[in-house]
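Okay, structure first, notes after.
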Amino acid sequence: MQKYLELLLTGFKRSLMFKFELIVTIITPFIFMFVYFSVWSSIYNYNNLAEVGGLTLLQMIAYMSISMSISFAIISGTDGYLSYEIREGKFSSTMAKPMGIQRYIFFRDSGEILFRLLSVSLPAIAGAFLIFHVPIPETDIFLLFLVSIMFSYILSFSIAFIV
């Protein structure tokens with residue numbers, strides 16, 4: 001278990017290496033939120049609509065903000081990492097690790113995902129709650145939401161690993 005925790009921390013630390021990339025990664029969701037808010041507000045206001053597809057403007061903004069900020073975090077970079085390892089001739093040393101390649105990459109990538117969830121998604125979602133007055137979900141719904149995020153990351157990782 002200790003080796004998996006170390007891989008998780010290594011991935012977390014790797015995400016802190018490039019400061020400019022970190023700043024851009026943190027700012028990007030807020031720019032996208034502003035754009036989505038502007039577009040959807042224009043659609044609702046121009047047409048004087050209370051609902052579009054059964055969603056009010058507040059629900060649409062909440063959906064777009066939360067889905068966008070989570071998608072920034074959980075997209076796995078496994079396929080890029082593996083292609084880099086193969087191109088640079090480092091894949092054989094990765095294969096020589098004392099654990100399976102899939103587990104090794106999963107836990108290393110999970111550290112980066114955890115970092116992005118904490119540094120990108122959490123501030124973006126908090127910003128959506130504060131700026132757009134998105135209602136806070138109930139506890140049971142929020143826990144199911146966290147479970148769905150975990151499963152979506154596992155699915156994203158699996159697809160990237162297969163590719």
For this session: Please work out whether the ring planes of Phe142 and Phe145 are parallel, tilted or perpendicular, with thresholds of 30° and 60°.
Result: tilted
Problem set entry | Spacing of CE belonging to Met150 relative to CG belonging to Leu117, to within rounding of 0.5 Å | 12.0 Å
Exercise. Hey, is CZ on Phe34 packed in by over 12 heavy atoms from elsewhere, all under 6.0 Å?
Worked result: no
Exercise. So if you build clusters from Ile, Leu, Val, Met, Phe, Trp, Tyr with side-chain heavy-atom gaps below 4.5 Å, do Val35 and Phe37 land together?
Worked result: yes
Side-chain donor-acceptor pairs of residues 61-68 under 3.5 Å, sequence neighbours excluded:
| unit_1 | atom_1 | unit_2 | atom_2 | d |
| --- | --- | --- | --- | --- |
| Ser65 | OG | Ile61 | O | 2.8 |
| Ser67 | OG | Tyr63 | O | 2.8 |
| Ser67 | OG | Met64 | O | 3.4 |

Exercise. Which pairs, with at least one residue in residues 136-152 and sequence neighbours excluded, count as a side chain to side chain donor-acceptor pair (under 3.5 Å)?
Worked result: none
For this session: Could you list the residues that satisfy side chain to side chain donor-acceptor pair (under 3.5 Å) with Tyr153, not counting sequence neighbours?
Result: Asp109, Ser110
Exercise. Any side-chain heavy atom of Trp40 within less than 4.5 Å of one from Ile43?
Worked result: yes
For this session: Might you confirm whether atom CZ of Phe32 has over 12 heavy atoms from other residues, nucleotides or ligands at distances under 6.0 Å?
Result: no
Exercise. Honestly curious: do Ile125 and Leu144 fall in one hydrophobic cluster under the side-chain, below-4.5 Å linking rule?
Worked result: no
Problem set entry | Leu55 vs Tyr44, side-chain contact (heavy atoms from CB on, under 4.5 Å): CA-CA, chis, key distance, verdict | CA-CA 10 Å; Leu55 295 174; Tyr44 277 83; 4.1 Å; yes
Problem set entry | Gap between atom CD1 of Ile113 and atom CG of Leu118 - 0.5 Å precision | 11.5 Å
Exercise. How many angstroms lie between OG in Ser69 and CZ in Arg116, if you round to the nearest 0.5 Å?
Worked result: 13.0 Å
Exercise. When you look at Phe157 and Gln102, which way does the side-chain contact (heavy atoms from CB on, under 4.5 Å) test go after all the steps?
Worked result: CA-CA 10 Å; Phe157 172 80; Gln102 188 172 11; 3.9 Å; yes
For this session: Kindly work out whether a path of hydrophobic side-chain contacts (I/L/V/M/F/W/Y, heavy atoms less than 4.5 Å apart) joins Leu57 to Val39.
Result: yes
For this session: Treat each ILVMFWY residue as a node, draw an edge where side-chain heavy atoms are under 4.5 Å apart, and state whether Ile70 and Leu146 are in one component.
Result: yes
